[in-house]
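Reviewing the structure listed below.
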Amino acid sequence: VSVEPTARTVDDAAEGLVLVPGGAGFVGSHLCDRLVERGCHVLALDDLSTGDAEHVAHLARHPRFRLVVRDLATGLPDEARVARRIYNLACPASPAHYQRRPVQTTLTSVLGAWHLLEHAQSVGARLLQASTSEVYGDPEVHPQRESYWGHVNPIGERSCYDEGKRCAEALCFAYRREREVAIRVARIFNTYGPRLTPGDGRVVSNFVVQALRGDPLTVYGEGRQTRSFCYVDDTVEGLLRLMDSAHEGPFNIGNPREHTVLELAELVLRLTGSRSRLEHRPLPADDPRRRRPDIVAARAALGWEPRVALEDGLQRTIEWFRATLGLPSPRTVVLPAVAAITAA
Ligand code: UDP
């Protein structure tokens, strides 16, 4: 299918090679899809520690796409040196994953950003740094606006990620101030959609897989903590717009609709038709109590806001998990059983 480029789609393509560290990850692979669609030449870098080559397997034979397996903290491969645009998405982002390898997480964030900024400076490239709502920690201000400095435990279990990302942001601004590197900073809030990894420990992956398997849904604490869930296509659109814009940010990229974890559990049960029960587990250390982005700045500067409602996005996510795990719909399991009982 050939897609006519619109005025907005020209920028990245005209910029030559686009580098996507973390390109085999959850958000990164969706971004690669969009960039290839826009006509860009894309080089994805990924060490496949939490990413999966399967996520970009459908692009493997595309003439404008390449995946290089590489740990960004060790530097850039030679083929990346011509890149003029970089979307840095390289870092484990699920708490279970990043807490398993805290040293590597911090180094990937900080050294990864440093290698990319050095490259950006030497060739005049533009770097979009994927930052995170975690820079706000357990926020005392609600909703979170970009001007809020955050409330992070600097030595807590989440600090390898929070402080790694905060340092990467600081490094971006240091390179901009001292060396005039063109930077863009996006603070990405909880994102969900197809290609989340089953078993990554995130709440959406856990609940959907548990509901489809008929296992109890593990609600941490009382489940009254909140998160705001953004569908991955909306997140990617925000990143593309930010890269093309004249604004460096930071911008919150997230969905401002806030839900408790219990509400999410109930919605997943309803959409899957599952009869799983809820099972409460201890709340992890430093688990933020509330999280909701203020997206006034992104709306005004980027003309961006999320379009996909949680129910629709979850439905697509559930279908993807169902197909990937080869699980039948609980509805199709339940109905014949009821029919059998009635017949008996
Ligand atoms: N959570 C939960 N059950 C799970 C996984 C997570 O109740 O099986 C909670 C977790 O304690 C947190 C929220 O869901 O309050 C979101 O967790 P996630 O790991 O997805 O991302 P976070 O926003 O904490 O980085």
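One-based numbering, in listed order, for ligands and for the atoms of each.
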Atom 7 (O) of ligand 1: nearest protein contact (heavy atom, Å): Tyr220 N, 2.8 Å
Considering all heavy atoms, the nearest Val20-Leu35 contact: CG2-CD1, 3.7 Å
Val203-ligand 1 polar pair, N/O distance under 3.5 Å: yes
Within-cut-off N or O pair, Thr218 and ligand 1, under 3.5 Å: yes
Arg289 atom CZ, over 12 foreign heavy atoms within 6.0 Å: no
Between Gln210 and Thr218: side-chain donor-acceptor atoms closer than 3.5 Å: yes
Any residue meeting side-chain hydrogen bond (donor to acceptor under 3.5 Å, both in side chains) with Glu311, in chain and number order, not counting sequence neighbours: Arg270
Those atoms of ligand 1 less than 4.0 Å from some heavy atom in Asn206: 4 (C), 5 (C), 8 (O)
Proximal ligand 1 atoms for Asn190, defined as those under 4.0 Å from one of its heavy atoms: 21 (O), 22 (P), 23 (O)
Residue and atom name of the nearest protein heavy atom (relative to atom 10 (C) of ligand 1), distance in Å to one decimal: Asp287 OD2, 3.4 Å
Numbered atoms of ligand 1 (with element) below 4.0 Å of Val219, judged on heavy atoms: 7 (O)
For Arg202, the ligand 1 atoms whose distance to one of its heavy atoms is below 4.0 Å: 19 (O), 20 (O)
Plane angle bin for Tyr148 and Tyr136 - parallel if under 30°, tilted between 30 and 60°, otherwise perpendicular: parallel
Contact (N/O only, under 3.5 Å) between Gln210 and ligand 1: no
Arg126 side-chain N/O to Met243 backbone N/O, donor-acceptor pair under 3.5 Å: yes
Charged N-O contact under 4.0 Å between Arg81 and Glu79: no
Polar side-chain atom of Asn252 near backbone of Gln144 as donor-acceptor pair, under 3.5 Å: yes
From Gln225, Arg227, Glu222, Arg158 - option closest to atom 25 (O) of ligand 1 by heavy atom: Arg158
Atoms in ligand 1 with a heavy atom of Glu134 nearer than 4.0 Å: 25 (O)
Contact atoms of ligand 1, heavy-atom distance to Gly201 under 4.0 Å: 5 (C), 19 (O)
Numbered atoms of ligand 1 (with element) below 4.0 Å of Val261, judged on heavy atoms: 7 (O), 13 (C), 14 (O)
Of Arg227, His142, Arg290, the residue whose pairing with Glu258 passes side-chain hydrogen bond (donor to acceptor under 3.5 Å, both in side chains): His142
